[in-house]
Amino acid sequence: MDNQGSVTHIMSTSVISVTVDEPVSEVARLMCAHSITGVPVVDGNRVVGIVTEVDIVSREIEVDPPAYGTFLDAIFRLPWDRSDDEIRRVLAVTAGDLMTAPVETVTTDATIQDVANLMFKHKVNPVPVVDKHGRLAGIVSRSDIVRLMVDG
């Protein structure tokens, strides 16, 4: 495969990343300061999650509290799929609380078409690039693919 088709051709290697303990306010500040759409969350060099603009914005949504019912003097929480994740995001204090995990990644041997397909199919942006040991090697965003079309 030629270098033009490789994700390594368009990925950024100077990746801004955070740890699970990073405060959400600092994650948002880093994203704004560096004009990036997401930051990988790492444990050592291994990617364990990602915080994106969508995750940051989700902290501001209105959440309906879970419903409870009683039966024979016992209180039961009624099942509702969405509330746990929504409540977790609204109450998030750290990157670990807010991050999307597991995170969709590609390896350094992926093609640009592979990462584009992943972004489209899973509606993710950006996508961390990892080496064969799962260590962070770079990151690719939709704008990197768009720039490739302009730069040729």
Side-chain angles (χ1 to χ4, degrees), residues 1-64 66 77 79-152:
M1 170 187 345
D2 71 341
N3 199 26
Q4 291 286 7
S6 172
V7 72
T8 58
H9 180 71
I10 63 168
M11 74 181 192
S12 299
T13 55
S14 299
V15 184
I16 306 296
S17 63
V18 296
T19 65
V20 292
D21 298 325
E22 196 75 48
V24 170
S25 58
E26 178 60 13
V27 174
R29 189 196 69 72
L30 284 168
M31 288 171 62
C32 287
H34 296 278
S35 299
I36 53 179
T37 58
V39 293
V41 181
V42 295
D43 181 6
N45 265 347
R46 298 185 62 82
V47 178
V48 295
I50 193 164
V51 176
T52 67
E53 291 170 324
V54 172
D55 297 317
I56 299 288
V57 170
S58 72
R59 293 187 73 227
E60 301 301 321
I61 65 172
E62 184 176 324
V63 177
D64 293 326
R77 181 172 176 195
W80 191 33
D81 294 338
R82 291 182 35 184
S83 81
D84 285 343
D85 192 50
E86 289 176 353
I87 290 171
R88 175 186 63 85
R89 289 177 183 277
V90 168
L91 299 177
V93 175
T94 66
D97 297 335
L98 186 60
M99 71 183 184
T100 298
V103 60
E104 298 288 343
T105 62
V106 294
T107 57
T108 52
D109 62 350
T111 65
I112 294 168
Q113 185 176 19
D114 292 336
V115 75
N117 287 337
L118 179 76
M119 287 175 167
F120 185 78
K121 182 178 179 184
H122 294 280
K123 296 177 177 54
V124 293
N125 181 58
V127 175
V129 181
V130 296
D131 67 14
K132 63 182 178 181
H133 302 289
R135 295 180 300 228
L136 185 62
I139 197 161
V140 176
S141 69
R142 285 189 293 248
S143 62
D144 293 323
I145 296 172
V146 171
R147 192 174 307 108
L148 178 66
M149 293 176 68
V150 172
D151 294 344

Tell me yes or no: between the side chains of Thr8 and Ser6, is some donor less than 3.5 Å from an acceptor?
yes
Are Val41 and Thr19 side-chain neighbours, meaning at least one heavy-atom pair lies under 4.5 Å?
no
Hey, what do you get for CD1 (Ile112) to NE2 (His9), rounding to the nearest 0.5 Å?
6.0 Å
Mind jotting down which residue pairs meet the salt bridge (Lys or Arg N to Asp or Glu O under 4.0 Å) criterion with at least one end in residues 10-36? Sequence neighbours excluded, please.
Glu26-Arg29
Run the side chain to side chain contact (heavy atoms under 4.5 Å, CB included) test against Asn45 and tell me which residues pass, sequence neighbours left out.
Arg135
Can a donor-acceptor pair be found, under 3.5 Å and without considering hydrogens, that links the side chain of Arg142 to the backbone of Phe120?
no
What's the shortest heavy-atom distance between Pro128 and Glu104, and which atoms?
CD-O, 3.5 Å
Only counting residues at least two apart or in another chain, list the ones meeting side chain to side chain contact (heavy atoms under 4.5 Å, CB included) with Thr52.
Ile50, Val54, Asp55, Pro126
Please name the pair of heavy atoms, one in Met31 and one in Val51, separated by the smallest distance, quoted to 0.1 Å.
SD-O, 4.1 Å
Determine, stepwise, if the pair Val24 / Ile56 fulfils side chain to side chain contact (heavy atoms under 4.5 Å, CB included).
CA-CA 8 Å; Val24 170; Ile56 299 288; 4.1 Å; yes
Where do Val140 and Ile10 land on the side chain to side chain contact (heavy atoms under 4.5 Å, CB included) test, with the steps shown first?
CA-CA 7 Å; Val140 176; Ile10 63 168; 3.8 Å; yes
Residue list, side chain to side chain donor-acceptor pair (under 3.5 Å) with Thr105, at least two apart or on another chain
none
Hey, does the side chain of Thr111 reach the backbone of Asp114 with a donor-acceptor pair shorter than 3.5 angstrom?
yes
Using the side-chain contact (heavy atoms from CB on, under 4.5 Å) rule, pick out the option among Thr108, Ile145, Val115 that qualifies with Val7.
Val115
Would you check if the side chain of Thr94 reaches a backbone N or O of Asp97 as a donor-acceptor pair within less than 3.5 Å?
yes
Run the side chain to side chain contact (heavy atoms under 4.5 Å, CB included) test on Leu118 and Val127 for me, step by step, so that the C-alpha distance in whole Å, both residues' side-chain angles and the decisive distance to 0.1 Å come before the verdict.
CA-CA 9 Å; Leu118 179 76; Val127 175; 3.7 Å; yes
Donor-acceptor contact present, side-chain Asp144 to main-chain Ser141, <3.5 Å
yes
Could you list the residues that satisfy side chain to side chain contact (heavy atoms under 4.5 Å, CB included) with Asp43, not counting sequence neighbours?
Val48
Listing, residues 32-39 side-chain donor-acceptor contacts under 3.5 Å, not counting sequence neighbours, or none:
residue : atom : partner : partner atom : Å
Thr37   : OG1  : Asn125  : ND2          : 3.4

